[in-house]
Each structure stands twice: as C-alpha cells, then as structure tokens.
Student: 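Below: one structure in structure tokens.
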Amino acid sequence: MRSYLASCRRLAGLRSHIAGGSLVVLLFAGGCGDDGDGVPVSGTVMFNGEPLSDGNVTFVNDANVPVAMGFIKSGHYALEQSVSHSGIPPGKYRVYIDSWIEEPGQQLPGGGISEGITRLPGKYRSVDKSGFTAEVTESGGVFDFSMEGEPDAPPRRKRK
C-alpha cells in the first residue's frame, strides 16, 4: 500500500502536464480490466553526461494519455502501468521526463506551498517539446534518453 501511495503522489505531479481527466484514466485503466502485463521497457537517463539521480519517465500514447511511468533511480528506469502491472503495451509513444529538487505543491517550512524547483530544462518536462519518442515492439525494448542544458531558474519566493 505504501508503494501505491508513493506512486499516486508522483503521478499527482503530472497535473501540470496533462488534463485532470487523463490522470484519472491513467490511475484506473492500468489496474482494471487488463488481462496481462505489458512488454518490458527499461533504459537509462542521462543529464549533461551524468546519470540522472532520480525522477520519472512517462510514455504518452497518440490520444495524449500517459500509459506508463518509470521511476528513475541512479540513471535507470523500468516502466510500470500500475502497481500491479509492469511493462507497457506495444506501440508508438512520446516521452517526457521530470526530476524535482522540490516538487510543485510541496509544503514548505513556515507553511508556504512550493511552485517547484526542477533539475531539468522545461522542454524535457513537456510531452510536446521533449523530442523523445519510443516505438515499443512485441518484445519490449531498451530506450535511453540523454538531455543537455541548464535547469530552469527556481521561482522567486515571496517574503512574508
């Protein structure tokens, strides 16, 4: 249950990337009515020549619905459709990646709410701008992603 709640909190961070209805579809479609697991997909994620310490890789279908997400740990990820279904259905996907030092919506000491501080340039956090795609075959696949650039500047905090 703890893993499921952690997944839900991570998925809640997607709200700036997708419509609310799509998130509901992702949370329920992956775990209900699915007769089996998808094919295995994994890979590495590099940022400025180094493995990305942590974050998420999200595969989005042609209907603009996130189908699977993989948690990045020390530059490696493997996709999950839900807590109980690993892998992903074969098909063509667009991909985006996010990695946060301070996640949007996180409560700050003193009672404020964070607007988020990212490790990456904004284009990689957008399915429309990242430029990443993957064509997953019946046998699955390994998809590596490499990013370059400077992280977005952190938002300015208001003084109380």
Side-chain angles (χ1 to χ4, degrees), residues 1-101 103-105 116 118-152:
M1 183 66 165
R2 183 179 209 162
S3 175
Y4 178 76
L5 293 175
S7 296
C8 288
R9 278 193 296 264
R10 289 273 190 193
L11 289 172
L14 299 175
R15 70 182 179 276
S16 64
H17 303 289
I18 59 175
S22 297
L23 181 57
V24 173
V25 170
L26 174 64
L27 288 175
F28 292 104
C32 299
D34 192 1
D35 291 333
D37 289 346
V39 296
V41 170
S42 61
T44 60
V45 180
M46 305 292 282
F47 180 58
N48 290 333
E50 299 289 329
L52 187 62
S53 61
D54 63 60
N56 304 307
V57 176
T58 304
F59 281 51
V60 178
N61 67 15
D62 288 339
N64 213 31
V65 175
V67 174
M69 181 180 73
F71 297 113
I72 302 166
K73 296 291 181 206
S74 302
H76 298 279
Y77 75 93
L79 293 185
E80 295 181 21
Q81 294 178 63
S82 70
V83 174
S84 61
H85 290 87
S86 61
I88 188 170
K92 293 182 182 182
Y93 298 93
R94 294 179 298 147
V95 179
Y96 68 90
I97 299 169
D98 61 30
S99 179
W100 298 96
I101 296 167
E103 292 196 30
T118 181
R119 289 184 178 87
L120 305 173
K123 73 179 187 175
Y124 297 116
R125 296 188 327 268
S126 168
V127 72
D128 295 321
K129 296 178 185 174
S130 73
F132 296 138
T133 60
E135 187 165 350
V136 179
T137 65
E138 294 290 331
S139 61
V142 174
F143 299 94
D144 299 331
F145 302 103
S146 183
M147 303 171 286
E148 299 288 330
E150 292 295 318
D152 291 350

Student: Could you tell me which non-hydrogen atom of Pro89 sits nearest to which non-hydrogen atom of Val67, and how far apart they are?
Tutor: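 So the two residues come closest at CD-CG1, 3.9 Å.
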Student: Determine the minimum heavy-atom distance between Ala68 and Ile88, stating which atoms define it.
Tutor: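 Shortest heavy-atom separation between Ala68 and Ile88 comes out as CB-CD1, 3.9 Å.
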Student: What heavy-atom pair brings Pro51 and Ser74 nearest, and what distance separates the two atoms?
Tutor: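 What the structure gives for the nearest pair is CB-O, 3.8 Å.
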Student: Spell out, as yes or no, whether a donor-acceptor pair under 3.5 Å connects the side chain of Arg119 to the backbone of Trp100.
Tutor: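 Here the side-chain-to-backbone pair exists.
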Student: Please evaluate residues Val127 and Thr58 with respect to the criterion side chain to side chain contact (heavy atoms under 4.5 Å, CB included), reporting the C-alpha separation (whole Å), side-chain torsions for both, the decisive distance (0.1 Å), and the verdict.
Tutor: CA-CA 9 Å; Val127 72; Thr58 304; over 6 Å; no
Student: Taking all non-hydrogen atoms of both residues, which atom of Asp54 and which atom of Ser99 are closest, and how far apart?
Tutor: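 So the minimum-distance heavy-atom pair works out to O-OG, 2.5 Å.
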Student: Which distance, rounded to the nearest 0.5 Å, do you find between the CD1 of Ile97 and the CG of Asn56?
Tutor: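 The distance works out to 10.0 Å.
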Student: Which residues satisfy the side-chain contact (heavy atoms from CB on, under 4.5 Å) test with Lys123, sequence neighbours excluded?
Tutor: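 If we apply the side-chain contact (heavy atoms from CB on, under 4.5 Å) test to Lys123, skipping adjacent residues, the hits are Lys129.
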Student: Please report the shortest heavy-atom distance between Val45 and Met147, naming the atom on each side.
Tutor: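 Heavy atoms only, the tightest pair is CG1-CE, 3.5 Å.
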Student: Are Ser139 and Val39 close enough, and set up right, to give a side chain to side chain contact (heavy atoms under 4.5 Å, CB included), and what steps lead you there?
Tutor: CA-CA 6 Å; Ser139 61; Val39 296; over 6 Å; no
Student: Can you find a pair of side-chain heavy atoms, one from Val57 and one from Phe145, that are under 4.5 Å apart?
Tutor: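 In contact.
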Student: Donor-acceptor check, side chain of Ser42 to backbone of Val142, threshold 3.5 angstrom: yes or no?
Tutor: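 Not a single qualifying donor-acceptor pair exists.
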Student: Taking the side chain as everything from C-beta on, heavy atoms only, tell me whether Tyr93 gets closer than 4.5 Å to Thr133.
Tutor: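 Not in contact.
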Student: Is a side-chain donor or acceptor of Asn48 paired with a backbone partner of Gly149 at a separation under 3.5 angstrom?
Tutor: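 Yes, because the side chain of Asn48 sits within donor-acceptor range (under 3.5 Å) of the backbone of Gly149.
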Student: Please name the pair of heavy atoms, one in Ile72 and one in Leu52, separated by the smallest distance, quoted to 0.1 Å.
Tutor: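 Looking at all heavy atoms of both residues, the shortest contact is CG2-O, 3.5 Å.
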Student: Which pairs count as side chain to side chain donor-acceptor pair (under 3.5 Å) when at least one residue sits in residues 141-150, sequence neighbours excluded?
Tutor: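 Those involving residues 141-150 are Thr44-Asp144.
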Student: Could you tell me the separation between the CD atom of Glu103 and the OG1 atom of Thr118, rounded to the nearest 0.5 Å?
Tutor: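 Here the interatomic distance stands at 10.0 Å.
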Student: Under the ring-ring contact (aromatic ring centres under 6.0 Å, His included) test against Phe132, which residue among Phe59, Tyr96, Tyr124 passes?
Tutor: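 So, applying the ring-ring contact (aromatic ring centres under 6.0 Å, His included) to Phe132 and each of Phe59, Tyr96, Tyr124, only Tyr124 qualifies.
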